Amino acid sequence: MAKEKEKITQELGVNDQTPREIVAELDKYIVGQDEAKKSVAIALRNRWRSHKLPDEMRDDVIPKNILMIGSTGVGKTEIARRLAKLVKAPFIKVEATKFTEVGYVGRDVESIIRDLAQTAVRMVRKQRTEEVKEKAAANAIERLLDVLVPEPKRSQNPLGKLFGNADSDATPAVEEDTKKPGREFVRKRLLAGKMEDQVIELEVADHAKPMVGMFSGSSLEGMGDNLQDMVSSLMPKRMRKRKVTVATARKILEQEEAEKLIDMEEVSETAVELAERSGIVFLDEIDKVAVKGSSSGPDVSREGVQRDILPIVEGSTVMTKYGPVKTDYILFIAAGAFHTAKPSDLIPELQGRFPIRVELKSLLKADFEKILTEPQNALLKQYKALLQTEGLALDFRADAIERIADLAEHVNEQSEDIGARRLHTLLEKLLEQISFEAPDMVKDGKTEVVIDAAYVDERLKDIAKNRDLSQFIL
Ligand SMILES: Nc1ncnc2c1ncn2[C@@H]1O[C@H](COP(=O)(O)OP(=O)(O)OP(=O)(O)O)[C@@H](O)[C@H]1O
Ligand SMILES: [Mg+2]
């Protein structure tokens, strides 16, 4: 059993792709930024490596945290988003700015770890649910049959129910031996999927939590969670009747049965271990809590946030409702634009905890061309698909794409470099008229629009070349 558990934990926690494979996966969505992708891939692989080490050595191998630096709109958050889908480990992404002014509007920094534990629990529970799925399904069928073909004591005619005559309560008790064939008959029909749409009345637990939200946003939040759980576990489960189809009822019952079969204590234990050993925290907007020079006013609270974060990054123990979580082996990836503040404006202790620095490059014309067309669900693909729903096909010509990329680079240079976000503003403006008129165009029999360089120039050139105008519009 212990062996088994170990295996499952490993499957859940660690990606076994090679660094090259991880980069290839990220390449599908993010253009360029090879260095950042590489260091992230190495960090993930190091996880895999350290899991292979003998215990006594593994304990000394602490992950090397990463700091990603790059101006706005170059893909930092995008890498985090894609990473989240890619890793099999518990992963959460938080904005450091969320924690300013703790106790007032900010959140308690330890909530990061509580959220991570929660994510881990969800993952393990999902896995366990998968493991008991068949058993739960079988149990659910039995319970469905209990509803469809009630015990004879409760005096219902099974056939009455079967033929949609739900109010046949008054029928006298059926003999014990007539019950059996009824149940088997209904079971066959049920398994053959012939009863999916029939509506039945099901007793379900009322999940409404009376105290939700009471503590949210305050530093009492974590306690609030615990309190809520305590209170709801003390109160008898409220049941209420719901009219549902057999198909829905089966889903609900399978869920309930799975919950009964899963040992939540084991799930919590495994999840805590998983969070400790494999958890990854992405700290976005870290530059927003860095302070330049001497500190006063709001800066104090920013520095305060750094001081709050420090013990967590450095390794401490955070109480969660699933048990204490040690943060020593959690991998932290921080990212920030560092426009005004520099990494050296972070408090020294924190700087030291992010030994790997990677810089994301500013995006240029060639990158923009690729971003427009290449990634899965690239921007142009999105616009095409959206307008296709109206029956209008957009045909972007190569010269148009080049022109858009060119303008994006130009506007970024002359006003502010907002990276790939510039493409969003440009495209919105470019397609504004078509977006507005699409339904009318289709009605008039037009089903295709060609977008070439001339069209781009017509819609955008004047604005793009005029510095004052572009600052407002693009
Ligand atoms: N290298 C890239 N490849 C593909 N898309 C990109 C790239 N860089 C940015 N984008 C796109 O631009 C938008 C903004 O990127 P993202 O959110 O990653 O910026 P950021 O680096 O986190 O900036 P900020 O510092 O402002 O948070 C996203 O929609 C993203 O898809
Ligand atoms: Mg970002």
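When a ligand or atom number is given, it counts from 1 through the structure's own listing order. Just so you know, these numbers come straight off a predicted model, no measurement behind them.
Side-chain atoms of Q127 and M123, non-hydrogen and from C-beta on, never get closer than 4.5 Å to each other.
Remark: D367 does not engage K361 in a salt bridge, criterion side-chain N to carboxylate O under 4.0 Å. A salt bridge links R58 to D55: one of the charged nitrogens lies within less than 4.0 Å of a carboxylate oxygen.
Residue E265 qualifies as open at atom CD: its count of foreign heavy atoms under 6.0 Å is 12 or below.
At the shortest separation from atom 28 (C) of ligand 1 among protein heavy atoms lies E78 OE1, 3.8 Å. Atom 22 (O) of ligand 1 has as its closest protein heavy atom T77 OG1, 2.6 Å. For atom 12 (O) of ligand 1, the nearest non-hydrogen atom of the protein is A420 CB, 3.3 Å. Considering only non-hydrogen protein atoms, atom 17 (O) of ligand 1 sits nearest to R421 NH2, 3.3 Å. Of all protein heavy atoms, the one closest to atom 25 (O) of ligand 1 is K76 NZ, 2.8 Å. Protein heavy atom at the shortest distance from atom 23 (O) of ligand 1 is G73 N, 2.8 Å. Looking only at heavy atoms of the protein, atom 1 (N) of ligand 1 is closest to V31 O, 2.8 Å.
For ligand 1 and E285, the ligand atoms under 4.0 Å from any heavy atom of the residue are 27 (O). Of all atoms in ligand 1, listed by their number and element, those nearer than 4.0 Å to a heavy atom of H424 are 29 (O). Close approach of ligand 1 to Y29 is summarised as follows: ligand atoms under 4.0 Å from at least one heavy atom of the residue are 4 (C). Close contacts of ligand 1 with T72, meaning ligand atoms under 4.0 Å from a residue heavy atom, involve 23 (O), 24 (P), 25 (O), 26 (O).
Between Q33 and ligand 1, no pair of N/O atoms sits closer than 3.5 Å. The distance criterion of under 3.5 Å between nitrogen or oxygen atoms is met by G75 with respect to ligand 1.
One distance of note links OH of Y455 with CD of Q433; it measures 5.5 Å at 0.5 Å rounding. E78 contributes atom CD, which lies 10.0 Å from atom OH of Y29 (distance to the nearest 0.5 angstrom). For the atom pair L44 CG and I280 CD1, the distance stands at 5.0 Å (nearest 0.5 Å).
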Quiz item: Going through the checks in order, is the salt bridge (Lys or Arg N to Asp or Glu O under 4.0 Å) test met by R422 and D406?
Solution: CA-CA 11 Å; R422 186 66 70 191; D406 195 34; over 6 Å; no

Exercise. Go through the steps for S278 and R47 under the test side-chain hydrogen bond (donor to acceptor under 3.5 Å, both in side chains), then give the verdict.
Key: CA-CA 7 Å; S278 315; R47 272 301 164 79; 5.0 Å; no

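When heavy-atom distances to ligand 1 are checked against a 4.0 Å cut-off, I371 comes that close only through its side chain, counted from C-beta outward.
The side chain to side chain contact (heavy atoms under 4.5 Å, CB included) with I404 is formed by just one residue from the set L430, D399, L379; it is L430.
Within the 2.8 Å limit, T77 places at least one N, O or S atom next to the Mg ion (ligand 2).
Ligand 1 is never approached by P375 to a heavy-atom distance shorter than 4.0 Å.
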